[in-house]
Amino acid sequence: MSRPGRDEDPDRLYIVTGGRSRADTDAFDLVTLVVAESEPALGMQSEHVKILRMAERPTAVVEIAAELRLPVSVVRILLGDLLALGRITARHPRTGAARAGGSSLPATDILEQVLVGLRNL
Amino acid sequence: MDSATSDRRPAERTPLSRSADNGLKIVIVGGFGVGKTTLVRSVSDIRPLNTEEVMTQAGEGIDDPSAVRGKTSTTVAFDFGRIGLDERTVLYLFGAPGQERFWFLWDRLFAGTLGAVVLVDTRRLADSWYAIDRLEHHGTPFIVARNDFGGPAHTGEQVRDALDLPAHIPLINCDARSRESSKAVLITLVEHLHALSSAQESAAAQETHP
Ligand SMILES: Nc1nc2c(ncn2[C@@H]2O[C@H](COP(=O)(O)OP(=O)(O)OP(=O)(O)O)[C@@H](O)[C@H]2O)c(=O)[nH]1
Ligand SMILES: [Mg+2]
């Protein structure tokens, strides 16, 4: 038994499902670190308050989602609100890749940093 | 049984350092029960956390009574852990199911990922065919780690043949329950990425200074 040929085009799936995620939800990567820039204000939506409390220290989008027990897509929308209000800042991942996403590789200096960290575990 | 009860890491959130400013990610992909969560748990600074991603798809032609105005949504759960690498850098590890219907989750996870580990159980190698196809198609670099469940001994060559795995892609053995072994899996991946990236950088330097 062996893996079948690769001529079946996986892009078919994109067409059937009407494409991938929209750009506005891609502003926050799963591992973008969110930092609160202000205290919660009176009358704020409770999820916004919770996010600001969590993000007193840098906190990844995915950790916020896990803590709030909300889907990541919902958390991205809440974060978008807070960002627009200037209540948070976002520290986006830097892999040193020439192009974001796609097939471009992380920069060697970033990878060396990762290796040092892993070997020291 | 889950080993969460014997996990001595604190249940409350452990915040990152104030100086943390770069979140990186590696994806562990593989079939049901192949050891993804176990591997993440073995190396993570925190107890693995669970969350979900929802994908709204055009439901045209899909026979789904819950479809509203031609849209249907799919939810997929995934877990993750994290490793603080230094004062500024933190590595997130995501465990993602390898089945075809979760393709949309991988596209999200793979975007911007350093690379992936395909975890395989030699008793069920076919479970990983689709994941390997997707990674190749997406251009995400990966290695294959063979988690030992005590199945029949296969040679590396047999596994490579069954996976149609090119010779330059590392294939290693691991025990996801062991921290040292799981660490070695991650190091093998990052060394592989480093070799690929070095080759690319020197090729680019050749172009600019022939
Ligand atoms: N013998 C052996 N058992 C393992 C190994 N890794 C994991 N297991 C066991 O296999 C079972 C499944 O492991 P999980 O880590 O939950 O697998 P998973 O890939 O996260 O599973 P799903 O998320 O359900 O797809 C658990 O009971 C583990 O203790 C291994 O290297 N060797
Ligand atoms: Mg799991």
Side-chain angles (χ1 to χ4, degrees), chain A residues 1-4 6 8-11 13 16-21 26 29-33 35 54 56-63 65-67 69-75 91-95 97-98 100-108 110-121, chain B residues 13 15-18 20-25 43 49-55 57-58 60-61 75 80 82-83 85-86 89-92 94 103-104 107-109 111-112 114 125-126 129 132-134 136-141 161-164 183 186-187 190-191 193-194 196-198 200-201:
Chain A
M1 203 168 50
S2 180
R3 186 159 62 105
R6 285 162 224 184
E8 281 174 83
D9 183 11
D11 275 344
L13 292 167
V16 173
T17 57
R20 51 200 303 173
S21 58
D26 289 344
D29 191 276
L30 288 170
V31 296
T32 291
L33 300 175
V35 184
M54 280 188 81
E56 278 167 19
R57 297 268 283 263
T59 306
V61 170
V62 73
E63 286 193 67
E67 176 82 5
R69 300 182 182 281
L70 288 172
V72 175
S73 45
V74 174
V75 169
R91 300 177 181 176
H92 296 295
R94 290 172 282 109
T95 63
S103 58
S104 90
L105 291 158
T108 47
I110 298 272
L111 294 168
E112 282 155 19
Q113 213 183 326
V114 174
L115 277 173
V116 169
L118 288 175
R119 289 190 177 123
N120 286 339
L121 278 187
Chain B
R13 266 179 9 88
L16 294 173
S17 144
R18 287 190 194 282
D21 68 357
N22 197 13
L24 301 173
K25 58 189 167 180
V43 286
L49 294 169
N50 199 270
T51 189
E52 59 186 32
E53 183 68 281
V54 180
M55 179 67 175
Q57 312 178 344
E60 210 181 319
T75 301
F80 64 93
R82 88 174 185 225
I83 302 171
L85 294 174
D86 56 47
T89 316
V90 50
L91 177 64
Y92 285 84
F94 292 93
W103 62 271
F104 68 86
D107 281 345
R108 294 278 181 89
L109 292 177
L114 299 179
L125 283 174
W129 288 345
I132 292 175
D133 279 343
R134 265 330 273 185
E136 285 177 342
H137 178 79
H138 202 273
T140 301
D161 281 351
L163 296 177
D164 191 14
K183 207 176 113 174
L186 298 179
I187 289 173
V190 181
E191 284 173 343
L193 297 173
H194 189 269
L196 293 174
S197 185
S198 301
Q200 195 181 61
E201 283 176 11

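A note on names: the letters A, B, ... follow the listed sequences, proteins ahead of strands, and every chain is numbered from 1.
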- [ ] Would you confirm whether A:T95, through its side chain, and A:P93, through its main-chain N or O, come within 3.5 Å as a donor-acceptor pair?
- [x] no

TODO: Specify the closest pair of heavy atoms between A:L70 and A:V74, including all atoms of both residues, with the distance to one decimal.
DONE: CD1-CG1, 4.3 Å

Task: Beyond-backbone contact of B:E52 with A:V72, side-chain heavy atoms, under 4.5 angstrom - done: no

- [ ] For the residue pair A:P71 and B:E53, establish whether any side-chain heavy-atom pair is separated by less than 4.5 Å.
- [x] no

Open item on the list: Between B:V90 and B:R82, is there a side-chain heavy-atom distance shorter than 4.5 Å?
Closed with: yes

Open item on the list: Only pairs of heavy atoms separated by less than 4.5 Å count here; which of B:D86, B:I187, B:L193, B:L196 has the most with chain A?
Closed with: B:I187

TODO: Using non-hydrogen atoms and a 4.5 Å limit, figure out which bit of A:I110 sits close to chain B: side chain, backbone, both or neither.
DONE: side chain

TODO: Count the heavy-atom pairs under 4.5 Å between each of B:L114, B:V43, B:L49 and chain A, then report the option with the highest count.
DONE: B:L114

Open item on the list: Does any backbone or side-chain atom of B:I83 lie under 4.5 Å from a heavy atom of chain A? Answer side chain, backbone, both or neither.
Closed with: side chain

- [ ] Answer with side chain, backbone, both or neither: which region of A:E56 has an atom nearer than 4.5 Å to a non-hydrogen atom of chain B?
- [x] backbone

Task: B:F80 vs B:T51 side-chain heavy atoms within contact, under 4.5 Å - done: yes

Open item on the list: Heavy-atom cut-off 4.5 Å, strictly under: side chain, backbone, both or neither for B:E201 against chain A?
Closed with: side chain

TODO: Kindly indicate whether the side chain of A:R119, heavy atoms from C-beta on, has any atom under 4.5 Å from the side chain of B:K183.
DONE: no

Task: Sub-4.5 Å side-chain heavy-atom contact between A:L33 and B:L16 - done: yes

Open item on the list: Please identify, among A:E67, A:M54, A:R94, A:E112, the residue contributing the most non-hydrogen atom pairs under 4.5 Å to chain B.
Closed with: A:R94

TODO: Counting only heavy atoms closer than 4.5 Å, note whether B:N22 contacts chain A via side chain, backbone, both or neither.
DONE: both

Open item on the list: Shorter than 4.5 Å, heavy atoms on both sides: which option in A:V35, A:V116, A:L121, A:T59 has the most such pairs with chain B?
Closed with: A:L121

TODO: Just give me the residue among A:V75, A:N120, A:V114 that pairs up with chain B most often, heavy atom to heavy atom, under 4.5 Å.
DONE: A:V114

- [ ] Select one option (side chain, backbone, both, neither) describing which atoms of B:S198 are under 4.5 Å from chain A's heavy atoms.
- [x] both

- [ ] Assess the side chains of A:T32 and A:H92: does a donor N or O sit below 3.5 Å from an acceptor N or O?
- [x] yes

- [ ] Name the region of B:T75, side chain, backbone, both or neither, that has any atom closer than 4.5 Å to a heavy atom of chain A.
- [x] neither

Task: Side chain / backbone / both / neither for B:L91 at chain A, heavy atoms under 4.5 Å - done: side chain

Task: Residue A:R69 versus chain B: region with a heavy atom under 4.5 Å - done: neither

